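These numbers come from the heavy atoms of this one structure, side chains and all, not from hydrogens, waters or symmetry mates. As the structure is a computational prediction, the values presented were derived from the model and not from experiment.
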Amino acid sequence: MALTGRTALLAALGSLPIGLWEPSWAGILAVNAPLAVACACDFALAAPVRRLGLTRSGDTSVRLGDPADITLTVTNPSRRPLRARVRDAWPPSSWQPGTEIAASRHRLTVPAGERRRITTRLRPIRRGDHQADRVTIRSYGPLGLFTRQGTHRVPWTVRVLPPFTSRKHLPSKLARLRELDGRTSVLQRGEGTEFDSLREYVPGDDTRSIDWRATARQSSVAVRTWRPERDRHILLALDTGRTSAGRVGDAPRLDAAMDAALLLAALASRAGDRVDLLAYDRRVRALVQGRTAGDVLPSLVNAMATIEPELVETDARGLTATALRTAPRRSLIVLFTTLDAAPFEEGILPVLPQLTQRHTVLVASVADPHIATMARSRGTTDAVYEAAAAAQAQSERHRTAEQLRRHGVTVVDATPDDLAPALADAYLALKAGGRL
């Protein structure tokens with residue numbers, strides 16, 4: 001005889017023999033009374049969740065790609081020990097893909113009246129401020145039959161800074177700067193306009209650098225050395241409009257521009273120049289001014305951390321006007337923007353003379369390495385079309401760069417890996433030529 005679903009369920013719960021008769025509720029309760037008592041005791045002995053005290057400590061900033069350790073201290077003020085599972089929730093971008101579950105969940109035991117610490121290790125994959133979400137705690141009784149669960153808000157913010165991967169180029173650029181600064185014997189006439197010192201003539205020196213008066217007073221030929229000017233002003237202007245959001249590889253163009261700007265700032269501050277930062281699209285997104293040489297790099301890194309591309313067309317006139325207000329005296333303005341023909345010809349090009357007539361202007365643009373790969377494609381019909389499209393795109397960028405050069409602008413157009421060292425070399429060339 002087939003049993004009904006209700007009969008089978010009651011028989012299983014009460015461990016009753018299955019027969020042709022209907023079990024009574026009284027019989028079921030009599031058999032399950034010990035289980036009910038055990039469950040009630042287990043629930044009563046589970047430590048309360050709402051009364052727990054939670055505080056945080058740990059890292060408040062970290063470079064992108066490095067781990068950040070956040071310590072959560074759990075205090076159990078009750079008279080019952082806490083046996084719990086804890087989930088410390090953070091935004092998805094705080095973890096490498098697929099690691100969130102293992103990294104955010106912890107087992108915890110806190111004796112009555114004591115405290116314990118657990119550490120959550122974040123590995124952010126995006127810049128910006130990462131704020132802690134809720135802490136969810138599930139408290140178990142000694143038998144594990146019943147649980148209490150609750151959530152707590154424990155605020156904490158970790159600022160993820162730009163990685164500054166181009167700092168590996170800094171030693172070689174500083175060595176070149178020392179040569180320009182007269183600290184080695186390779187300094188040549190014309191590299192700067194400030195007189196530095198006299199030294200003995202060596203074969204290969206420019207004869208125009210010979211100081212004849214000093215030579216007449218000693219037995220050897222003396223030559224003058226020159227050093228680049230110091231205390232010049234450099235404005236790093238980041239275009240944060242829609243074109244900066246285009247992805248090149250795994251990151252937006254803006255990130256590559258930031259990395260190049262940081263290397264230039266580190267180099268220029270070592271050279272004795274003053275460095276300011278302006279990030280702009282339709283309004284000012286970040287402005288860093290008047291920092292000392294020792295404080296300029298941390299200030300720039302901190303300001304860049306929260307800047308994100310805005311999906312709006314950049315107001316070129318507003319950018320120019322803000323740059324002129326920020327740099328009232330003659331300066332080097334380094335504009336990080338696109339060389340794509342349409343947005344450049346309609347935006348920056350008409351207002352460019354306002355900058356070039358008062359300042360030295362350098363335009364830095366991030367090129368897509370995939371375009372160069374497409375230009376070399378051959379073998380199939382699709383590959384030939386890709387190569388033609390890439391050649392057209394490269395031709396348009398070259399034409400835009402030539403337009404800039406005719407206005408006296410220095411242009412650096414390079415892939416993300418090459419942009420930072422190429423920009424540093426362009427800066428050193430301007431120093432060597434006495435154009436700053």
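The structure places CZ of R253 at 6.0 Å from CG of D368, a figure rounded to the nearest 0.5 Å. Here the CG-CD1 distance, from L72 to I118, works out to 4.5 Å after rounding to the nearest 0.5 Å. In this structure, CG on L267 lies 16.0 Å from CZ on R167, to the nearest 0.5 angstrom. Residue H106 holds its NE2 atom at 10.5 Å from CZ of R87, rounded to the nearest 0.5 Å. Here the CE atom belonging to M374 is positioned 9.5 Å from the CD atom belonging to Q394, to the nearest 0.5 angstrom. Put simply, CZ on R134 and CH2 on W90 are 14.5 Å apart, with the number rounded to the nearest 0.5 Å.
A donor-acceptor pair under 3.5 Å is formed between the side chain of R148 and the backbone N or O of A46. R378 contributes a side-chain N or O that, together with a main-chain N or O of A375, makes up a donor-acceptor pair within less than 3.5 Å. A donor-acceptor pair is defined here as one N or O able to donate and one able to accept, closer than 3.5 Å; no such pair exists between the side chain of H152 and the backbone of G53. At distances below 3.5 Å, not a single donor-acceptor pair connects side-chain atoms of R274 with backbone N or O atoms of G290. A distance-only check finds a donor-acceptor pair linking the side chain of N76 to the backbone of V110 [under 3.5 Å]. No donor-acceptor pair closer than 3.5 Å links the side chain of S395 to the backbone N or O of A391. Using modelled atom types, one side-chain atom of R330 and one backbone atom of R358 make a donor-acceptor pair closer than 3.5 Å. The backbone N or O of A424 lies less than 3.5 Å from no partner atom in the side chain of H169, so there is not a single donor-acceptor pair. Side-chain atoms of D276 do not come within 3.5 Å of backbone N or O of L287 as any donor-acceptor pair. Side-chain N or O atoms of R50 include none that pairs as donor or acceptor with a backbone N or O of G150 at under 3.5 Å.
Between P124 and P91 there is no side-chain heavy-atom pair separated by less than 4.5 Å. Two residues are said to be in side-chain contact when any heavy atoms from C-beta on lie closer than 4.5 Å; E308 and L254 fail this criterion. Here the side chains of E100 and R105 are in contact, with some heavy-atom distance below 4.5 Å. Within the 4.5 Å cutoff, the side chain of S269 has no heavy atoms near those of the L297 side chain. I307 is listed as a side-chain neighbour of M258, based on a closest heavy-atom distance under 4.5 Å.
For the residue pair D259 and T165, a side-chain donor N or O sits within less than 3.5 Å of a side-chain acceptor on the partner. Of the N and O atoms on the side chains of T240 and R285, not one donor lies less than 3.5 Å from an acceptor on the other residue. Under the 3.5 Å distance criterion, with hydrogens and angles disregarded, no donor-acceptor pair is assigned to the side chains of T292 and D295.
The local environment of CZ in R317 is sparse, with at most 12 non-hydrogen atoms from other residues, nucleotides or ligands closer than 6.0 Å. Environment of CZ in R126: sparse, with no more than 12 heavy atoms of neighbouring residues, nucleotides or ligands closer than 6.0 Å. Annotation: R115, atom CZ; neighbour count of heavy atoms from other residues, nucleotides and ligands within 6.0 Å does not exceed 12.
Among pairs with a residue in residues 61-70, those fulfilling salt bridge (charged side-chain N to carboxylate O under 4.0 Å, His left out) read D69-R121, at least two apart in sequence or across chains.
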For a quick test of your reading: what N or O donor-acceptor pairs under 3.5 Å do the side chains of residues 403-412 make, sequence neighbours left out?
unit_1 : atom_1 : unit_2 : atom_2 : d
R405   : NH1    : E402   : OE2    : 3.2
H407   : ND1    : Q403   : O      : 2.9

List the atom pairs, donor and acceptor, that lie under 3.5 Å between side-chain atoms in residues 334-344 and the rest of the protein, sequence neighbours left out.
unit_1 : atom_1 : unit_2 : atom_2 : d
T337   : OG1    : D239   : OD2    : 2.9
T338   : OG1    : D340   : N      : 3.0
T338   : OG1    : D340   : OD2    : 3.2
D340   : OD1    : R397   : NH1    : 3.3

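Results of the side-chain hydrogen bond (donor to acceptor under 3.5 Å, both in side chains) test with R159 over T306, N302, D59 single out N302 as the only residue that passes. A side-chain contact (heavy atoms from CB on, under 4.5 Å) with I137 is found for one member of T147, T151, L52 and no other, namely L52.
Shortest non-hydrogen contact noted between R123 and G65 is NH1-O, 4.5 Å. Minimum interatomic distance between L419 and A364 (heavy atoms only, all atoms of both residues): CD1-CB, 4.3 Å. Contact record, S331 with H233: OG-ND1, 2.8 Å, taken as the closest heavy-atom pair. Contact detail for A367 and V248: the closest heavy-atom pair is O-CG1, 4.0 Å. V275 approaches A268 most closely through the heavy-atom pair CG2-CB, 3.7 Å. Taking all atoms of both residues into account, the shortest heavy-atom contact from F164 to A266 is CZ-CB, 4.4 Å.
A salt bridge links D133 to R153: one of the charged nitrogens lies within less than 4.0 Å of a carboxylate oxygen. For D425 and K173, the salt-bridge test passes: some basic side-chain N is under 4.0 Å from an acidic carboxylate O.
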